[in-house]
Amino acid sequence: METPKETRERPTPGGPQDFIRETVARDLASGRHRTVVTRFPPEPNGYLHIGHAKAICLNFGVAKEFRGRCHLRFDDTNPSKEEQEYVDSIQEDIRWLGWDWGGHLYFASDYFGQLYAWAEDLVRAGKAYVCDLSADEVRAYRGTLTEPGRPSPYRGRGADENLDLLRRMKAGEFPDGSRTLRARIDMAHPNLNMRDPVLYRILRATHHRTGDEWCIYPMYDYAHGQSDAIEGITHSICTLEFEAHRPLYEWFIENLPVPHKPHQYEFARLNLTYTVMSKRKLLDLVQNGYVSGWDDPRMPTLAGYRRRGYTPEAIRAFATKVGVSKANSTVDVAYLEECLRDDLNKRAPRRMAVLRPLKVVLENYPEGKVEEMDLVNNPEDASAGTRKAPFSKVLYIERDDFMEDPPKKFFRLSPGREVRLRGAYFITCTGVEKDAAGEVAALRCTVDLHTRGGSSPDGRSPKATLHWVSSGHAVEAEVRLYDRLFKAENPDKAPEGQDYKVNLNPDSLVALAGCKLEPSLAVCKAGDTVQFERLGYFCCDRDSAPGRPVFNRTVTLKDTWAKIQRRGK
RNA sequence: UGGGGAGUCGCCAAGCGGUAAGGCAGCGGCCUUUGGAGCCGCCAUCCGGAGGUUCGAAUCCUCCCUCCCCAGCCA
């Protein structure tokens, strides 16, 4: 069993496909820029999720399509929340997704020195001041959405005093939170972000890169644009909530001697049905044990999808298919699943696995006889070849594939009915054995020995084809059936006083023991993906041991019968 | 009741003054040794609403409605 071969992604058609690419194309054509430089700027305070994947594919995708480059820059300006574990996982996930930042790995913390020097410039120019107001006071002075703010009593401090105070802040002379450096802009500005925003705060926390070198740290607004400027970013692409920050972004660029003037563009972040996307909530799920970790296969993190069996190709295809716009939207998670099936269908080798075994005894098949049946590995890909699977008198089939008293549209096995066993023979059910509780314990069937391989010389063809595994050769396995983590389309819609966690799906993980796999599945490598015929795509979990495989269900196959049943209810 | 955005099919999303792409979902059918895949149909006389400009508007103008973001020393 091997990992599926690479499938080619559809080539990007001619021109721009969204307003960002339109802008980039125009800027290149007009000569405004010679090369496009973008950046993906994660804060290392959590694992990357599918929403980040959209941003990653946009930034790296634009750079690649226009032969520019994309930097990976960690926005590490708040050491109280950031950790090395996250910077490592983020790099791993971006690489897994298939992107490469070349040598362009940066950290906002690389620029702390320059940022601080520029802060002194601002102070000298009378454009920033040290404010002694407490956090509460700053809030009170800021005013509200409808009322202008009032100037801080420290707003009028002279440049010399401000410079002295700023240096002493940096030197660690003042306690955390006691003072801030603020821009002197306009306390009556209708955009709250422009009401003398904080540039630096005093914060004694050990930074994952700079250690204890600093006790003042720049705020996002002060660090981000200047980092873009330092790196020569041409198009700084971020999500909609930063739109109101753009005037401030531009204010810094205009008022500082930066080497380059980048521009910010905003697009709508990704939302998915049945999914929570905020890092805060994902952290909550991890820290409070609602899931097994950041890479729990039910998590919308890239690590989770990877362990679940999603492919980078499918996620990339999804990212390009949902498009980029400025309208808030929530994409149906079924769309993501469809992108996955589309990818896996073409590359996943087929195998037979019986999840809920029902024993079948073939009455007219010789005791002790074993035949090696030929099975096609992938009907979508002739080059995938064939394999052998043992067939014998005692087999297992799926419990769901038998009904003693079948309803109208059920055309699988039932007493007196004939079905095909995939790649083997036609069998007819002749009897049902029950246990003391009245449960079906085993089936007695006869086999038509003229149908070896699955076709009959007389041309008849059963309505159903079932998967099967030979009892004496089966590999025992654990199979974990994953379903969506939330049962509500919008998990955030919770009753008064409760939060999104009331919408957790209690059946999001069903672990099945004693599943029967065909022998070719005895050894598997974590991450290997296969299709269990008629059931879905599954991938080998890292919990597997030799001879004791563990498989995760990645996604089910489309199931017409299940749909009919649902409709009937 | 300030400022900034957005409203095109159930969900995404093209459209950029010339008379509504595509995908997902859904619904029919064909085909099938996976009720998988594939294939073929159907699925917005209408673009948040109302006026106006124009030979002609989803695209331009006016007013209105709805939703989202901003009052962290978070990003």
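Bear in mind that the values here come from a model prediction, so they are computed numbers and not experimental data. Numbered from 1 within each chain, the chains take letters A, B, ... in sequence-line order.
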Closer than 4.0 Å, any side-chain N/O of A:Lys346 to the OP1 or OP2 of B:A37? no

When you get a sec, tell me which of B:G72, B:G36, B:A75 is the closest nucleotide to the side chain of A:Pro379? B:G36

Who does B:G17 pair with, Watson-Crick or G-U, both distances under 3.5 Å? none

Touch class at under 4.0 angstrom, heavy-atom based, for A:Val324 against every strand present: sugar-phosphate

Is the NZ or CZ atom of A:Lys409 positioned over A:Trp561's six-membered ring, under 6.0 angstrom from the centre and within 45° of the axis? no

Mind checking the P distance from B:G17 to B:A57? Whole angstroms is fine. 14 Å

When the distance from NZ of A:Lys281 to P of B:C74 is rounded to whole Å, what number comes out? 20 Å

Do the numbers put A:Lys326 on top of the ring of A:Phe267, so that NZ or CZ is under 6.0 Å from the six-membered ring centre and no more than 45° off the axis? no

Rounding to an integer number of angstrom, what distance separates B:G52 and B:G3 when you compare their C1' atoms? 29 Å

Side chain of A:Glu22, base of B:C16: donor and acceptor closer than 3.5 Å? yes

Contact class for A:Arg182 vs. all strands (heavy atom < 4.0 Å): base, sugar-phosphate, or nothing? nothing

Between B:G49 and B:C65, how far is it from one C1' atom to the other, in whole Å? 7 Å

May I have the distance from A:Phe267 (atom CZ) to B:A13 (atom P), rounded to whole angstrom? 12 Å

Under 3.5 Å for both donor-acceptor distances, Watson-Crick or wobble: does B:A71 have a partner, and if so which one? none

With sugar-phosphate meaning primed atoms plus P, OP1 and OP2, does A:Phe242 contact a base, only sugar-phosphate, or nothing at under 4.0 Å between heavy atoms? base

Can you check whether any acceptor in the base of B:G4 is under 3.5 Å from a donor in the side chain of A:Glu241, or vice versa? no

Quick one: list whatever passes ring pair (Phe, Tyr, Trp, His ring centres under 6.0 Å) with A:His245, sequence neighbours left out. A:Phe242

Identify whether any heavy atom of A:Lys409 sits under 4.0 Å from a base atom; if not, whether one sits that close to sugar-phosphate; answer base, sugar-phosphate or nothing. base

A:Arg155 and salt bridge (Lys or Arg N to Asp or Glu O under 4.0 Å): which partner among A:Asp132, A:Asp196, A:Asp186? A:Asp196

Any A:Ser325 side-chain nitrogen or oxygen under 4.0 Å from OP1 or OP2 of B:C12: no

What integer distance in Å separates A:Ile564:CD1 from B:G26:C1'? 15 Å

Reckon A:Asn345 touches a base, only the sugar-phosphate, or nothing at all at heavy-atom distances under 4.0 Å? base

Residue met sooner reading RNA chain B from 5', once A:Gly177 and A:Phe410 are mapped to nucleotides: A:Phe410

Whether A:Arg179 engages the ring of A:Phe174 as a cation-pi pair (distance to the six-membered ring centre under 6.0 angstrom, angle to the ring normal within 45°) should be assessed. yes

Once you apply a heavy-atom cut-off of 4.0 Å, does A:Met194 come out as touching a base, just sugar-phosphate, or nothing? nothing

With a 3.5 Å cut-off and just heavy-atom distances, do the side chain of A:Arg341 and the base of B:G36 make a donor-acceptor pair? no

Would you mind classifying the nucleic acid contact of A:Thr465 as base, sugar-phosphate or nothing, using non-hydrogen atoms under 4.0 angstrom? sugar-phosphate

Taking the side chain of A:Arg412 as its heavy atoms from C-beta onward, which of B:C73, B:C12, B:G35 lies nearest to it? B:G35

Identify the nucleotide, in any strand shown, that forms a Watson-Crick or G-U wobble pair with B:G22, with both distances under 3.5 Å; if there is none, say none. B:C12

Quantified in whole Å, what is the P atom distance between nucleotide B:C43 and nucleotide B:A6? 32 Å

Look at A:Arg142 and B:G72 and indicate whether a side-chain polar atom (N or O) is within less than 4.0 Å of OP1 or OP2. yes

Check the distance between B:A75's P and A:Asp76's CG and give it to me in whole angstrom. 10 Å

A:Arg422 has its side chain closest, among B:G72, B:C27, B:U34, to B:U34

May I ask you to say what A:Pro247 touches in the nucleic acid, namely base, sugar-phosphate or nothing, with a heavy-atom cut-off under 4.0 Å? nothing

Assign A:Leu133 to base, sugar-phosphate, or nothing according to its heavy-atom contacts below 4.0 angstrom with the strands shown. base

B:U66: pairing nucleotide in any strand, Watson-Crick or G-U under 3.5 angstrom: B:A6

Under 6.0 Å from the six-membered ring centre of A:Phe107 and within 45° of its axis: does the NZ or CZ of A:Arg209 meet both? yes

Side-chain N or O of A:Arg351 less than 4.0 angstrom from OP1 or OP2 on B:U34? no

Compare the minimum distances between each of B:C70, B:C12, B:C73 and the side chain of A:Asn193, then state the nucleotide with the smallest one. B:C70

Report which part of the nucleic acid A:His224 touches: base, sugar-phosphate, or nothing (heavy-atom distance under 4.0 Å, all strands). nothing

With a 4.0 Å cutoff (strictly under), does any side-chain N or O of A:Lys558 reach OP1 or OP2 of B:A25? yes

Do A:Arg150 and A:Tyr141 meet the cation-pi criteria used here (NZ or CZ under 6.0 Å from the six-membered ring centre, within 45° of the axis)? yes

Looking for any heavy atom pair under 4.0 Å, which part of the strands does A:Gln531 touch: base, sugar-phosphate only, or nothing? base

Round to the nearest Å and state the distance from A:Lys326 atom NZ to B:C16 atom C1'. 16 Å

Is the positively charged end of A:Lys281 above the ring of A:Tyr500, judged by distance under 6.0 angstrom from the centroid and angle within 45° of the axis? yes

Write down the distance between CG (A:Asn490) and P (B:C11), rounded to a whole number of angstrom. 13 Å

Which whole number of Å gives the distance between the P atom of B:C40 and that of B:C31? 15 Å

By the 4.0 Å heavy-atom rule, please label A:Ser455 as base, sugar-phosphate, or nothing. base

Both distances below 3.5 Å, Watson-Crick or wobble geometry, any strand: find the nucleotide opposite B:C27. B:G41

Residue whose nearest RNA chain B nucleotide is more 5′ - A:Ala334 or A:Glu533: A:Ala334

Say whether A:Glu83 and A:His208, considering side chains only, have a donor N or O and an acceptor N or O under 3.5 Å apart. no

Any strand counts, and the cut-off is 3.5 Å on both contacts for Watson-Crick or G-U wobble. Which nucleotide pairs with B:C46? none

Selection from B:G5, B:A75, B:A25 that lies nearest to any side-chain heavy atom of A:Glu338: B:A25

Does B:G35 have OP1 or OP2 sitting under 4.0 Å from an N or O in the side chain of A:Arg534? yes

Is A:Thr77 touching bases, backbone alone, or none of the nucleic acid, heavy atoms closer than 4.0 Å? sugar-phosphate

On the 0 to 90° scale, with breaks at 30° and 60°, tag the A:Trp294-A:Tyr86 ring pair as parallel, tilted or perpendicular. perpendicular

Would you mind reading off the distance between A:Lys563 atom NZ and B:G28 atom C1', rounded to a whole angstrom? 12 Å

Could you check whether A:Glu380 gets within reach of a base, just the sugar-phosphate, or nothing at all, counting any heavy atom under 4.0 Å? base

Is A:Arg269 near enough to B:C68 that one of its side-chain N or O atoms lies under 4.0 angstrom from OP1 or OP2? no

Between C1' on B:C16 and CZ on A:Arg26, what's the gap in Å once rounded to a whole number? 11 Å

